[in-house]
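Residue numbers begin at 1 in each chain, while the letters A, B, ... track the order of the sequences.
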There are 2 protein chains.
Amino acid sequence: MAYAPSALALVPFVSVENMLRLVNTVGVETFLTELAGFIEDDFRRWPLFDKTPRVASHSREGVIELMPTADDVSYGFKYVNGHPKNTRTGRQTVTAFGVMAEVETGYPVLITEMTLLTALRTAAMSAVAAKYLAPAEARSMALIGNGAQSEFQALAFKTLIGVDRLRLYDIDHSASLRCARNLSGFGFDVTVCTSPEAAVEGVEIITTATADKQFATILTDNMVASGQHINAVGGDCPGKTELHRDILLRSDIFVEYTPQTRIEGEIQQLRPTHPVTELWQVIAGEAPGRTSAGQTTLFDSVGFAVEDFSALRYVKSLIGRVPAYEMLDLLADPDDPRDLFGMLLRARVELKDLAS
Amino acid sequence: MAYAPSALALVPFVSVENMLRLVNTVGVETFLTELAGFIEDDFRRWPLFDKTPRVASHSREGVIELMPTADDVSYGFKYVNGHPKNTRTGRQTVTAFGVMAEVETGYPVLITEMTLLTALRTAAMSAVAAKYLAPAEARSMALIGNGAQSEFQALAFKTLIGVDRLRLYDIDHSASLRCARNLSGFGFDVTVCTSPEAAVEGVEIITTATADKQFATILTDNMVASGQHINAVGGDCPGKTELHRDILLRSDIFVEYTPQTRIEGEIQQLRPTHPVTELWQVIAGEAPGRTSAGQTTLFDSVGFAVEDFSALRYVKSLIGRVPAYEMLDLLADPDDPRDLFGMLLRARVELKDLAS
């Protein structure tokens, strides 16, 4: 009897190529909008999630993390690495993949690349936060740090908030030029600036997404006008921050998951009792977001497992709608669950048949 | 420009079909022997491993676990579920897959099914333990519980220890018959017994591998003769044991990783200070194994992440030797690491070209 995987053995897999196809078929703006909807839904039911801290394995060169979370129906985890020296060998600093499984059976139901997907969910998350925290009808944004995350941020803010005026700055001018070039055709009015001071001039939203793995001061207090919303994306691990402490002291600070952000976010610069609001409370209507035009708001974003869960759930919802996946024969499924060895024996016979 | 994954984007994947091919091409006995060698090597350098506890997500129906570990060179983790009611819907109680990555770059270098591989590593582990703990030149073994693990245990003990006389018992007689049938042609003298008492008569080794998820007493004290080695495989989670407490009290007990076995193993029946020896110490020559013919030895096996690591490392070593894998396009690898969005744009152009 030839080995043929049963339907129960197969798990949908979204490769990088298929993720590119998926996003482009749905359309990147629609993808970001729908993904933001999934994030909002999950943040609204935040207390239901099993929020384990990420499991990190540190080495001299970097870190490998597993980020699991679950609700009553689905379990998801993301594998993600962070290796700053990888670029020297032409590798990505950060790569990721994710898995979603059924809680009821423990069977995986999706395996997907998550390098691209994480970029998309980070941008969608930022725009969701801005929806509740940015000045009403904000249309202008400074984008400081024009690396891999920048275009995704711009598009998410355009699609979800209506931002269409961008002021770009990067310490590497060519990065700003690349960002501007990639965004041409998406309907932005783009200005490439030669200093962060110039970039923030007169904007309603400031997004910082720089990549230095160290305490840095991308924004100083005098650069921030009252009433602005700051979307701080780059300060996302211990020892890595972007904002001067004084900005934090005069802002109303919103975070994803307080215990994690105290360690990884901008607020690692503050005492551990400094008041912050968890964003899910704002989305669920349990805490106010922006309450006045003069208020400086700060979303201290570090990325949390629930957002990855939303992204996995969204991609899973697309399977079937868009045929951009393949099936992996991942789960051994013998006819008789007690006869795993028989499965091996039958495959051996088949192998001999092939050879003869 | 068409999207074509670069070599850096690709990760070798061993499907169930390819695992069957791999094991049968190498030969199941050789596979078990070589895998046992990898386990012994890793146990010898046990203190080097980063031993995180497994990360479990419990639900009403079962548990989903991530079991990570790492040495200086490689990082590995296993995803494994345990859902006793799965058999009702034709699913496996336990399925697993695993990932190995380079510590230096964080890049995954292997994804593999691990349902079959776990059965193989559990059997290889048992035989490695018996090599140090069973009576010298033992040739006879009782195998109580003739489920999915039984044939693998039998073959590992034959190949590594020289056991060629088997006495089988299972509460389900048809399971023993299946096990005997599957093992015909492997050179065993097999007796199918109708009681556990009959099965253990005169044997040098007793292996228990039953599946009941509850406190059970498969072996009582009067059934165990002095000088026997007990290989207790089935008691492997809180609330699930197989041996009467009195057997534990008169045995010298060997475990994989004490903190985990206190919770999951047979010794959950004992006070937490009851002396046990970690097997790696025996293998590394730091503690004695069997010291006398009259001694009753017990390997209280629960399965630990280091064994999965050894299994991943062994399968990785076979990649190249046996062409039983495919390449997964898992890691986004843009030409310019900062230009993830450009990768998406270029794929969009390609998609349009295809459509036109």
Side-chain angles (χ1 to χ4, degrees), chain A residues 3 5 8-9 15-17 20-21 23-24 28 50 52 55 57 59 61-62 64 66 68 70 75 77 79 81 83 86-87 90-92 95 97 99 101 103-107 113 115-116 119 147-148 151-152 175 178 182 328-333 337-342 344-345 347-348 351, chain B residues 3 5 8-9 15-17 20-21 23-24 28 50 52 55 57 59 61-62 64 66 68 70 75 77 79 81 83 86-87 90-92 95 97 99 101 103-107 113 115-116 119 147-148 151-152 175 178 182 328-333 337-342 344-345 347-348 351:
Chain A
Y3 171 75
L8 289 176
S15 65
V16 174
E17 182 172 9
L20 293 168
R21 186 171 296 133
V23 177
N24 280 321
V28 59
D50 179 7
T52 341
V55 188
S57 175
S59 65
E61 304 297 337
I64 296 175
L66 298 173
Y75 167 95
F77 79 86
Y79 171 104
N81 75 297
H83 287 71
N86 268 3
T87 47
R91 288 177 173 79
Q92 296 282 298
T95 62
F97 68 90
V99 175
V103 166
E104 195 185 346
T105 63
Y107 268 47
E113 86 80 35
T115 312
L116 267 158
E151 298 97 333
F152 296 99
R178 187 215 71 239
N182 279 340
L328 288 191
D329 163 32
L330 185 69
L331 307 173
D333 182 44
R338 299 186 76 179
D339 197 11
L340 204 55
F341 190 77
L344 189 64
L345 280 186
R348 185 170 68 154
L351 201 68
Chain B
Y3 170 75
L8 289 175
S15 65
V16 175
E17 182 171 9
L20 293 169
R21 186 171 294 132
V23 177
N24 280 319
V28 59
D50 180 6
T52 342
V55 187
S57 175
S59 64
E61 304 298 337
I64 296 175
L66 298 173
Y75 167 94
F77 80 85
Y79 170 103
N81 75 296
H83 286 72
N86 267 4
T87 47
R91 288 177 172 79
Q92 297 283 297
T95 62
F97 68 91
V99 175
V103 166
E104 195 185 346
T105 63
Y107 268 45
E113 86 82 34
T115 312
L116 266 159
E151 298 97 333
F152 296 100
R178 187 216 70 237
N182 278 341
L328 288 191
D329 163 32
L330 185 69
L331 307 173
D333 182 44
R338 298 187 75 180
D339 196 10
L340 204 55
F341 189 78
L344 189 64
L345 280 185
R348 185 170 69 154
L351 201 67

Original post:
Between B/Ser57 and A/Tyr75, what is the shortest heavy-atom contact and its length?
Top reply: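 For B/Ser57 and A/Tyr75, the tightest heavy-atom pair comes out as CB-CE1, 3.6 Å.
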**OP:** Identify the heavy atoms of B/Ala332 and A/Gln92 that sit nearest to each other, and give their distance.
**Re:**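 It is O-CG, 3.3 Å.
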Atom [atom1] in [X], atom [atom2] in [Y]: separation rounded to 0.5 Å?
X: A/Leu331; Y: B/Glu113; atom1: CG; atom2: CD; value: 8.5 Å
X: B/Leu66; Y: A/Leu66; atom1: CG; atom2: CG; value: 5.5 Å
X: A/Glu17; Y: B/Leu328; atom1: CD; atom2: CG; value: 12.5 Å
X: A/Asn182; Y: B/Leu345; atom1: CG; atom2: CG; value: 5.0 Å
X: A/Leu340; Y: B/Leu20; atom1: CG; atom2: CG; value: 8.5 Å
X: B/Glu104; Y: A/Asn86; atom1: CD; atom2: CG; value: 8.5 Å

Can you tell me which of [options] forms the most heavy-atom pairs within a distance under 4.5 Å of chain B?
options: A/Thr95, A/Val28, A/Ile64; result: A/Ile64
options: A/Asp50, A/Leu116, A/Asp339; result: A/Asp339
options: A/Thr105, A/Leu330, A/Val103; result: A/Thr105

Original post:
Between A/Tyr107 (side chain) and B/Asn81 (backbone), is there a donor-acceptor pair under 3.5 Å?
Top reply: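 Side chain of A/Tyr107 to backbone of B/Asn81, a donor-acceptor pair under 3.5 Å: no, none is there.
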For [X], is it the side chain, the backbone, both, or neither that has a heavy atom closer than 4.5 Å to a heavy atom of chain B?
X: A/Leu344; answer: both
X: A/Leu8; answer: side chain
X: A/Arg91; answer: both

**OP:** Might you confirm whether atom CD of B/Glu61 has over 12 heavy atoms from other residues, nucleotides or ligands at distances under 6.0 Å?
**Re:** yes
Original post:
In terms of the angle between their ring planes, are B/Phe77 and A/Phe97 parallel, tilted or perpendicular, with boundaries placed at 30° and 60°?
Top reply: parallel
